[in-house]
Amino acid sequence: MANASSVARPAVLSDLIPASRVRDVALVVGGAVLTGLAAQLSFPLPGSPVPVSGQPFAVLLVGAALGMNRATLSMALYMLVGVAGVPWFAAGASGFGGASFGYIIGFIPAAAIVGKLAERGGDRTVPRTIGTMILGNLVIYAFGLPVLISVAQLDLATGLALGVVPFLLGDAVKIVIAAGLLPAAWKLSRR
């Protein structure tokens, strides 16, 4: 028996825009551009080869807003265009490699996981959004830290001290912001 209210509920925020291939391409490109712009909000940390930037926040928002498939494509596009020479990694960097390149690689699975969780409602309440964003950040660290340790020839403790610990407070603030923005956007969309 069919449900009387069989109107499709949007899985992610971008599904509120009428579906088309043009929409999907625009969202993928827009997510990559947003991440590139957020990367320019960066500053170096003394002693660390990894700068503080707006990239992770953008990656997680793109994941939640676009869903798994579009967010994955968007972050792959971001990485490939940066590797090709567009200076839109943190601090205007581009190219392949370097101590912070593992974090960029981690943006792809982080966006995919956050996108999948968002498709299942992981961005509709404050507690679920916090959990989704924490998991996304952990994925970024899981890819970034080993590359940092390898490229900079660090031990694990030093790698954590340079590539994770200095970012925890900022990431917590970004998670709180996302936990306010995403559920609020869903509430507004229901009006």
Side-chain angles (χ1 to χ4, degrees), residues 3-42 52-79 88 90 103-144 164-191:
N3 185 349
S5 62
S6 62
V7 175
R9 190 173 123 180
V12 292
L13 286 167
S14 62
D15 289 341
L16 295 169
I17 302 167
S20 73
R21 290 206 190 278
V22 171
R23 172 204 70 173
D24 290 340
V25 170
L27 290 170
V28 167
V29 171
V33 169
L34 174 68
T35 306
L37 290 172
Q40 303 320 302
L41 299 171
S42 100
V52 173
S53 80
Q55 287 169 297
F57 185 63
V59 169
L60 300 178
L61 285 180
V62 166
L66 301 188
M68 184 178 78
N69 293 334
R70 291 182 299 239
T72 302
L73 289 172
S74 186
M75 291 307 108
L77 177 64
Y78 171 70
M79 184 181 75
W88 66 352
Y103 298 93
I104 295 168
I105 294 168
F107 294 166
I108 299 169
I113 289 168
V114 168
K116 187 61 171 177
L117 291 172
E119 289 171 1
R120 296 175 178 218
D123 64 339
R124 300 204 183 185
T125 67
V126 170
R128 290 177 88 176
T129 303
I130 289 171
T132 297
M133 297 298 148
I134 288 172
L135 183 58
N137 270 297
L138 290 174
V139 170
I140 293 169
Y141 288 136
F143 281 80
V164 174
V165 173
F167 303 95
L168 293 176
L169 181 59
D171 287 343
V173 169
K174 294 171 201 172
I175 288 168
V176 168
I177 292 169
L181 288 175
L182 293 167
W186 278 111
K187 284 181 183 177
L188 285 173
S189 75
R190 289 187 212 115
R191 289 185 179 175

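Heavy atoms only: backbone and side chains are in, while hydrogens, waters and symmetry mates are out. For clarity, every value in this text was computed on a predicted model and none was experimentally measured.
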A.B. asks: If you round to the nearest 0.5 Å, how far is CZ of Arg124 from CG of Leu117?
C.D. replies: 12.5 Å
A.B. asks: What's the spacing between Ile108 CD1 and Ile140 CD1 if we round to 0.5 Å?
C.D. replies: 11.0 Å
A.B. asks: So do Tyr141 and Leu168 actually touch side chain to side chain, heavy atoms under 4.5 Å?
C.D. replies: yes
A.B. asks: Between atom CG of Leu27 and atom CG of Leu13, what is the distance when rounded to the nearest 0.5 Å?
C.D. replies: 11.0 Å
A.B. asks: Which atom pair, heavy atoms only, marks the closest approach of Ala111 to Met75?
C.D. replies: CB-CG, 3.6 Å
A.B. asks: Does any pair with a residue in residues 135-144 pass salt bridge (charged side-chain N to carboxylate O under 4.0 Å, His left out), and if so which ones, sequence neighbours excluded?
C.D. replies: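 Matches after skipping sequence neighbours: none remain.
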A.B. asks: Would you give me the side-chain donor-acceptor pairs under 3.5 Å for residues 181-189, sequence neighbours excluded?
C.D. replies:
from, atom 1, to, atom 2, distance (Å)
Trp186, NE1, Asp123, OD1, 3.2
Trp186, NE1, Asp123, OD2, 3.0
Ser189, OG, Trp186, O, 2.7

A.B. asks: Can you name the closest pair of heavy atoms from Gly136 and Ala110 and give their distance?
C.D. replies: O-CB, 3.5 Å
A.B. asks: Answer whether the closest heavy-atom distance between the side chains of Phe57 and Leu41 falls below 4.5 Å.
C.D. replies: no
A.B. asks: Please list all pairs meeting salt bridge (charged side-chain N to carboxylate O under 4.0 Å, His left out) that have one or both residues in residues 28-39, counting only residues at least two apart or in different chains.
C.D. replies: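 Output for this query is empty, none listed.
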A.B. asks: According to side-chain hydrogen bond (donor to acceptor under 3.5 Å, both in side chains), does anything in residues 61-79 pair up with another residue at least two apart or in another chain? List the pairs.
C.D. replies: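 Counting only pairs at least two positions apart or across chains, the side-chain hydrogen bond (donor to acceptor under 3.5 Å, both in side chains) contacts touching residues 61-79 are Ser14-Arg70, Asp15-Arg70, Asp24-Arg70, Gln55-Tyr78.
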A.B. asks: Quick check: are there more than 12 heavy atoms from other residues, nucleotides or ligands sitting under 6.0 Å from CZ of Arg120?
C.D. replies: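 Count not over threshold, so no.
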A.B. asks: Which atoms form the tightest heavy-atom contact between Ala32 and Leu77, and what is the distance?
C.D. replies: CB-CD2, 3.9 Å
A.B. asks: Might you point out which heavy atoms bring Ser53 and Ala90 nearest each other, and give the distance in Å?
C.D. replies: CB-CB, 4.0 Å
A.B. asks: Sorted by first residue and then second, give each side-chain hydrogen bond (donor to acceptor under 3.5 Å, both in side chains) pair with at least one member in residues 28-40; sequence neighbours left out.
C.D. replies: none
A.B. asks: side-chain contact (heavy atoms from CB on, under 4.5 Å) with Ile175: which residues, sequence neighbours excluded?
C.D. replies: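 Ile175: side-chain contact (heavy atoms from CB on, under 4.5 Å) contacts with Ile130, Met133, Ile134, Asn137.
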A.B. asks: Who passes side-chain contact (heavy atoms from CB on, under 4.5 Å) against Val165, sequence neighbours left out?
C.D. replies: none
A.B. asks: Applying salt bridge (Lys or Arg N to Asp or Glu O under 4.0 Å), can you list everything that pairs with Asp171, at least two apart in sequence or on another chain?
C.D. replies: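 Per chain and number, Asp171 pairs via salt bridge (Lys or Arg N to Asp or Glu O under 4.0 Å) with Lys174.
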A.B. asks: List for me each residue that meets side-chain contact (heavy atoms from CB on, under 4.5 Å) alongside Val33, sequence neighbours excluded, and say none if there are none.
C.D. replies: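 In terms of side-chain contact (heavy atoms from CB on, under 4.5 Å), with neighbours along the sequence ignored, Val33 is linked to Val29, Leu37, Trp88.
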A.B. asks: With sequence neighbours left out, write down each residue that passes side-chain contact (heavy atoms from CB on, under 4.5 Å) with Leu34, or none if nothing qualifies.
C.D. replies: Ala58, Val62
A.B. asks: Suppose the criterion is salt bridge (charged side-chain N to carboxylate O under 4.0 Å, His left out): which pairs have a residue in residues 132-142, not counting sequence neighbours?
C.D. replies: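 Matches after skipping sequence neighbours: none remain.
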A.B. asks: Scan residues 52-63 for pairs that pass salt bridge (charged side-chain N to carboxylate O under 4.0 Å, His left out), counting only residues two or more places apart or in two chains.
C.D. replies: none
